[in-house]
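First comes the structure, then the notes that go with it.
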Protein chains: 2
Amino acid sequence: MDLIKIYECLCDRTRLRLLNVLAQGPVCVCHFQAVLGEPQVKISKHLGYLRERSLVECERHGNWVVYALPTKPSRELKANLACLQDCARENAVFKRDLARLKKIEPACAWVRAGEPEKAPGQCRCR
Amino acid sequence: MDLIKIYECLCDRTRLRLLNVLAQGPVCVCHFQAVLGEPQVKISKHLGYLRERSLVECERHGNWVVYALPTKPSRELKANLACLQDCARENAVFKRDLARLKKIEPACAWVRAGEPEKAPGQCRCR
DNA sequence: AATCCGTATGCTTGCCAAGGAATATGAATC
DNA sequence: GATTCATATTCCTTGGCAAGCATACGGATT
């Protein structure tokens, strides 16, 4: 049952926040740290958890690792992510995260534009 | 976050099967045993788990205890149950359960009709 | 009151996940 | 080649849940 694997990923607060942010587009790990305000280990471990279970994909560009939702999600995953989006819309925590993401956006424009060669020497979003 | 409580309930195979069956209407514990083919303890414990977290409600009629989905589910719960239904549609295990439920239906018509006084002296569905 | 039936609860064992501290990796810069 | 930066992994402790066995409970029947 793939469904269970999905629900296991969804039953943690931190992972829900990660997925909610990812729904806006690809994001680099340091952005997650800035947006969620959680320690690096925590973020990295949960991303690893999601990665092992194919709920996210990642790509390395130099020092930076950019995470994104799967390009070809299963029917079940697509349905549940949509449902999550629906539920997140009215949630204070999720909305706050998205607000912080927006503030950071200028610093990570290169990610959104898919131009890793424009990445700055040092992270400027924290 | 109520959402997490919901997902915690959904990340177990047995509980998913219980909820899938309940989506068809109220069901008594002995029916679950017959439909899922799982031991009584297992069924009862998972129903208890769901009950504590308000994903199901129950009502006692003599020896029998009839379980049902909440009469007034939250927005989040409603959305996720609908999503589950959507995902379950094409799943072999879920479909098999519903087929077994249909076979048993005559023996538990009194539940569906809301007529506990017509319950038989002994359970006839196992 | 003794018994039977359907259902629930304690108890134990084993596993897995979360969190944090320290450390490792891989890539870039000096 | 040594250092710096972003990210990942390891080790450890703690807590919670699944499963099964035995037993308790509540209601009906005799």
Side-chain angles (χ1 to χ4, degrees), chain A residues 1 4-5 7-18 27-53 55-67 104 107-108 110-111 116-126, chain B residues 1 4-5 7-18 27-53 56-67 107-108 110-111 116-126:
Chain A
M1 293 244 222
I4 296 173
K5 209 177 53 184
Y7 287 132
E8 282 171 348
C9 287
L10 297 181
C11 67
D12 177 274
R13 180 190 159 97
T14 305
R15 289 195 291 268
L16 282 187
R17 294 173 72 193
L18 293 175
V27 164
C28 151
V29 179
C30 61
H31 306 144
F32 282 124
Q33 292 179 59
V35 169
L36 301 204
E38 298 277 3
Q40 185 260 329
V41 201
K42 196 171 176 178
I43 302 279
S44 178
K45 273 197 193 163
H46 282 295
L47 284 173
Y49 187 102
L50 293 172
R51 185 163 19 95
E52 282 172 2
R53 287 158 183 79
L55 260 81
V56 301
E57 294 169 350
C58 69
E59 205 172 331
R60 176 157 213 142
H61 299 293
N63 274 337
W64 285 266
V65 179
V66 172
Y67 279 81
I104 288 178
C108 54
W110 60 274
V111 174
E117 68 280 5
K118 292 197 183 164
Q122 289 200 196
C123 174
R124 245 156 251 170
C125 63
R126 267 170 305 180
Chain B
M1 295 242 222
I4 296 174
K5 208 177 55 185
Y7 287 132
E8 282 172 348
C9 287
L10 297 181
C11 67
D12 176 274
R13 180 189 158 97
T14 305
R15 288 196 290 267
L16 282 187
R17 295 173 71 194
L18 292 175
V27 164
C28 150
V29 178
C30 60
H31 304 143
F32 283 123
Q33 293 179 58
V35 168
L36 301 202
E38 298 278 4
Q40 185 260 326
V41 200
K42 196 171 175 178
I43 303 279
S44 179
K45 279 207 188 146
H46 281 295
L47 284 172
Y49 187 103
L50 292 173
R51 185 165 17 95
E52 282 172 2
R53 288 155 182 81
V56 300
E57 294 168 349
C58 70
E59 206 170 331
R60 178 159 213 138
H61 298 294
N63 275 338
W64 286 266
V65 178
V66 173
Y67 279 82
C108 54
W110 59 274
V111 174
E117 67 280 5
K118 290 195 184 167
Q122 288 198 196
C123 173
R124 237 148 263 179
C125 62
R126 269 168 308 181

* Structure fact -> Taking every heavy atom of B:A34 against every heavy atom of B:C125, the minimum-distance pair comes out as CB-O, 3.0 Å
* Structure fact -> In terms of heavy-atom contacts, A:V66 and A:V111 come closest through CG1-CG1, 3.8 Å
* In Å and rounded to the nearest 0.5 Å, what is the CD to OG1 distance from B:E38 to B:T14? -> 5.0 Å
* To do: Check whether any side-chain N or O of B:R60 sits under 3.5 Å from a backbone N or O of B:G62 as a donor-acceptor pair, and report yes or no.
  => yes
* Structure fact -> Nt span of DNA chain C in reach of chain B heavy atoms at under 4.0 Å, 5' end first, is C:dC5 to C:dC11
* NA contact type, A:F32, heavy-atom cut-off 4.0 Å: base, sugar-phosphate, or nothing? -> nothing
* **Test item: A:R15 side-chain N/O and A:C11 main-chain N/O as donor-acceptor pair under 3.5 Å** => no
* Asked: In whole angstrom, what separates A:Y67's OH from D:dA6's P?
  -> 16 Å
* Structure fact -> Of A:K42 and B:H31, the one whose nearest nucleotide on DNA chain C sits closer to the 5' end is B:H31
* If you look at every strand shown and take non-hydrogen atoms under 4.0 Å, does A:R53 touch a base, only sugar-phosphate, or nothing? -> sugar-phosphate
* Any side-chain heavy-atom pair from B:Q33 and B:V29 closer than 4.5 angstrom? -> yes
* To do: Describe the nucleic acid contact of A:V41 in one word from base, sugar-phosphate, nothing, applying a heavy-atom distance below 4.0 Å.
  => base
* Asked: Which part of the nucleic acid, if any, lies within contact of A:Q40, taking any heavy atom under 4.0 Å across all strands shown: a base, the sugar-phosphate backbone alone, or nothing?
  -> base
* Structure fact -> Heavy-atom closest pair (B:R124 atom, B:A107 atom, distance to 0.1 Å) is O-CB, 4.4 Å
* Spacing of B:E8 atom CD and A:L10 atom CG [to the nearest 0.5 Å] -> 11.5 Å
Polar atom pairs (N or O), protein with nucleotides 24-30 of chain D, under 3.5 Å:
{"unit_1": "D:dG26", "atom_1": "N2", "unit_2": "B:N63", "atom_2": "OD1", "d": "2.8"}

* To do: Assign each of A:Q33 and A:K45 to its nearest nucleotide of DNA chain D by heavy atoms, then name whichever residue's nucleotide is nearer the 5' end.
  => A:Q33
* Sugar-phosphate only, base, or nothing, as touched by A:R13 at under 4.0 Å among non-hydrogen atoms -> nothing
* Asked: Taking for each residue the nucleotide of DNA chain C bearing the nearest heavy atom, is the 5' side occupied by B:W64 or by A:P39?
  -> B:W64
* To do: Please report the shortest heavy-atom distance between B:W64 and B:G121, naming the atom on each side.
  => CH2-O, 3.5 Å
* Interatomic distance, B:Y49 OH vs D:dG16 P [rounded to whole Å] -> 11 Å
* To do: Estimate the overall bend of the helix from C:dA1-D:dT30 to C:dC30-D:dG1 from the end axes over five pairs each, rounded to 10 degrees.
  => 0°
* Asked: Between A:Y49 and A:C9, what is the shortest heavy-atom contact and its length?
  -> CE2-SG, 3.8 Å
* Rounded distance (Å) that lies between atom P of D:dT7 and atom CD of A:E59 -> 14 Å
* **Euclidean distance, atom CG of residue A:L50 to atom P of D:dT7 [Å, nearest integer]** => 16 Å
* Nearest-angstrom distance from the residue atom CZ of A:R124 to P of D:dC5 -> 12 Å
* To do: Let me know the distance between CG of A:L36 and P of D:dT7, rounded to the nearest Å.
  => 13 Å
* **Spacing of A:H46 atom NE2 and A:L18 atom CG [to the nearest 0.5 Å]** => 7.5 Å
* **Between C1' of D:dT9 and NE2 of A:H46, the distance in whole Å** => 15 Å
* Asked: Judged by atom type as modelled, is there a donor-acceptor pair below 3.5 Å linking the side chain of B:R17 to the main-chain atoms of B:F32?
  -> no
